[in-house]
Amino acid sequence: MPQLIVLPHEELCPAGVVFDAAPGTSICDALLQHGVEIEHACEKSCACTTCHVILREGFDSLAPAEETEEDMLDKAWGLEPNSRLGCQALVGNNDLVIEIPKYTINMAKDHGASRSE
């Protein structure tokens with residue numbers, strides 16, 4: 001079973017966390033199941049960017065993002081070439097190193113930036 005290695009995030013997991021995740025589980029669900037309370041304002045329907053994550057390792061092991069996810073990612077704070085929405089990216093068979101950005105933009109709620117710290 002692949003491991004998810006979550007880099008330290010000041011608010012959500014100050015020491016970072018490492019856990020096993022079942023292939024086919026969304027990154028967002030895996031984080032939530034292991035006590036990392038990542039935002040998911042649109043209830044994981046690919047309608048906001050609050051579950052934006054950056055894959056520092058393992059990005060190429062994931063299935064490509066669909067057009068809807070790509071369109072939403074264009075609105076994410078701190079977008080990088082290896083960014084994904086946690087609600088849409090499914091764990092594959094490889095380990096992932098995940099960074100949760102310091103800020104999020106809640107497109108579902110107020111179209112403004114919010115701190116996640």
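Remember, it's a predicted structure, so these values are computed and weren't measured experimentally. FYI, the numbering just counts along the sequence from 1.
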Q) Mind checking what makes side-chain contact (heavy atoms from CB on, under 4.5 Å) contact with Glu69, not counting sequence neighbours? A) Cys46, Ala65, Leu73, Arg84, Leu85, Gln88
Q: Check side-chain contact (heavy atoms from CB on, under 4.5 Å) between Asp20 and all other residues, then give those that pass, not counting sequence neighbours.
A: Met1, Gln3
Straight-line distance of [X] [atom1] to [Y] [atom2], nearest 0.5 Å:
X     : Y     : atom1 : atom2 : result
Glu66 : Asp71 : CD    : CG    : 11.5 Å
His52 : Cys28 : NE2   : SG    : 13.0 Å
Ile27 : Leu96 : CD1   : CG    : 5.5 Å
Cys87 : Glu39 : SG    : CD    : 12.5 Å
His9  : Glu99 : NE2   : CD    : 8.5 Å
Ile54 : Asn82 : CD1   : CG    : 6.5 Å

So which heavy atom on [X] is nearest to which on [Y], and how close?
X     : Y     : value
Gly92 : Pro2  : O-CG, 3.2 Å
Ala89 : Leu62 : CB-CD1, 4.1 Å
Ala47 : Cys42 : N-SG, 3.3 Å
Thr25 : Ala30 : CG2-N, 3.8 Å

Q) Should the heavy atoms of other residues, nucleotides or ligands under 6.0 Å from CG of Asp74 be counted, would the total exceed 12? A) yes
Q | Full working for side-chain contact (heavy atoms from CB on, under 4.5 Å) between Leu31 and Phe19 | A | CA-CA 9 Å; Leu31 293 171; Phe19 56 86; 4.0 Å; yes
Q: Ignoring hydrogens and angles, tell me if any N or O in the side chain of Thr50 forms a donor-acceptor pair with the backbone of Ala41 under 3.5 Å.
A: yes
Q. For Asp29, does its backbone N or O pair with a side-chain atom of Ser26 as donor and acceptor, under 3.5 Å?
A. yes
Q.
For a side-chain contact (heavy atoms from CB on, under 4.5 Å) check, start with the C-alpha distance between Thr49 and Thr104, then their side-chain angles and the critical distance, and finish with the verdict.
A. CA-CA 7 Å; Thr49 62; Thr104 64; 5.7 Å; no
Q.
Can you confirm whether His34 sits close enough to Val6 that some side-chain heavy atom of one is under 4.5 Å from a side-chain heavy atom of the other?
A. no
Q. Considering only heavy atoms from C-beta outward, does the side chain of Arg56 approach that of Ile98 to under 4.5 Å?
A. no
Q. Same hydrophobic cluster for Val91 and Ile5, using side-chain heavy-atom links shorter than 4.5 Å among ILVMFWY?
A. no
Q. side-chain contact (heavy atoms from CB on, under 4.5 Å) with Leu7: which of Val17, Val97, Ile100?
A. Val97
